[in-house]
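First comes the structure, then the notes that go with it.
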Amino acid sequence: MNSQDDLFHPVIELPEPTRRARYERLVGLDDMKLRLRKEAALLADPRRLRNWAVTHHGGNVAALTHFADRAPLFVFAGDVGSGKSALAESFGCDLADFLDLPVYLYRLKLATRGSGLVGEMTSLISDAFAHMHTMGNRVSGPQGARAVQILVVDEADALVQSREAQQMHHEDRAGVDAFLAGIDSLAGARLPVVVVLCTNRVGALDPAVMRRAAATFTFTRPSDEQRYAVLTRAFDGLGIRPETVRKVAELTGPTGNRPGYTFSDLTQRLVPAAILRAFPERPVTDEDLLAAAEELEPTPVFTEER
Ligand SMILES: Nc1ncnc2c1ncn2[C@@H]1O[C@H](COP(=O)(O)OP(=O)(O)O)[C@@H](O)[C@H]1O
Ligand SMILES: [Mg+2]
């Protein structure tokens, strides 16, 4: 049996200020945020759904039975740098606030992959799920959960690949099967455990995994308004004119021959590049921002072939 340290990066108790700030800075993900809050609240305390039915429909309703055996799996799919990891690792802060419970963030270590031992992937995954069961049982009770656990499987295409890609890689298929078994063991277990699987290549995910997801969220590059919102926030207090920010939001949009900037192209490349033009001699100016936008190229679209 792998120890907790072999399986996961250090477990983080949420809420935590850095992650809460990160959650709040995420632009354009409000629908997903709300949905995750609702789903996780039901896992933490299934009685909430019955209470809702009583309040709004005068008693138990047939539709509730369809909630009983759902797998607590959410797939975050879409472009690189669009907030999948950031949301997966921070939505627990909102959940903790909403439920007034501690939330524990577990991030599966996929790094051991490739070291070659047959059975290693299988044991990594099944031990991880076994661990989630043990910890989940410890915090659940008839009065609802006393804590919620989030298991994040990031860059999951390394772990869960489609059957077609499997012919040569026996061990990868074993990883998929272990993951499916783990998810199935959680469905209907009534444990306060939420699993989030992030991937840039939703087409490469095993259909059996996709079928089990309670919801799949697709993350996209920012719209004009979203780029404007991210840039406005990033340059707050620096005296950059709103017209300039507007102009840069336009410049960083899609054109005939290239896609628009990703969220991370803006936050992790454009903003630092503009600042570093001025640092350390002088204050940053509108020209720095415009010049940085002219110089940078957006991240190419991630294609399934790669
Ligand atoms: N929706 C968003 N709103 C604001 N910033 C974002 C958003 N998505 C991504 N970012 C920025 O890009 C960085 C990288 O995002 P990340 O979550 O790692 O992307 P990925 O989808 O590849 O996992 C984040 O830390 C954040 O600074
Ligand atoms: Mg990521």
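The structure displayed is predicted, hence computed values, not measured ones. Whatever order the structure lists ligands and atoms in, that order sets their numbers, starting from 1.
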- [ ] Examine K33 relative to Y23 and say whether NZ or CZ is less than 6.0 Å from the centre of the six-membered ring and inside a 45° cone about the ring axis.
- [x]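 That pair qualifies as a cation-pi contact.
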Any carboxylate oxygen within less than 4.0 angstrom of a Lys/Arg side-chain nitrogen, looking at [X] and [Y]?
X    : Y    : answer
E39  : R70  : yes
R227 : D224 : yes
R282 : D288 : yes
E225 : R246 : yes
D5   : K109 : no
D79  : K84  : no

- [ ] Check the Mg ion (ligand 2) and write out every protein N, O or S atom at under 2.8 Å, as residue and atom.
- [x]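 Atoms qualifying: S85 OG.
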- [ ] Non-hydrogen atoms closer than 4.0 Å to ligand 1: which protein residues do they belong to? List them by chain and number, please.
- [x]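 If the criterion is a heavy atom under 4.0 Å, then ligand 1 touches R25, L26, V27, L29, D79, V80, G81, S82, G83, K84, S85, A86, F263, S264, T267, Q268.
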TODO: State which residue, out of L87, D94, L95, fulfils the side-chain contact (heavy atoms from CB on, under 4.5 Å) condition with L36.
DONE: L87
Open item on the list: Does the plane of the ring in F219 sit parallel, tilted or perpendicular to the ring in F76? Use 30° and 60° as the thresholds.
Closed with: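 Judged by the thresholds at 30° and 60°, the geometry between F219 and F76 is tilted.
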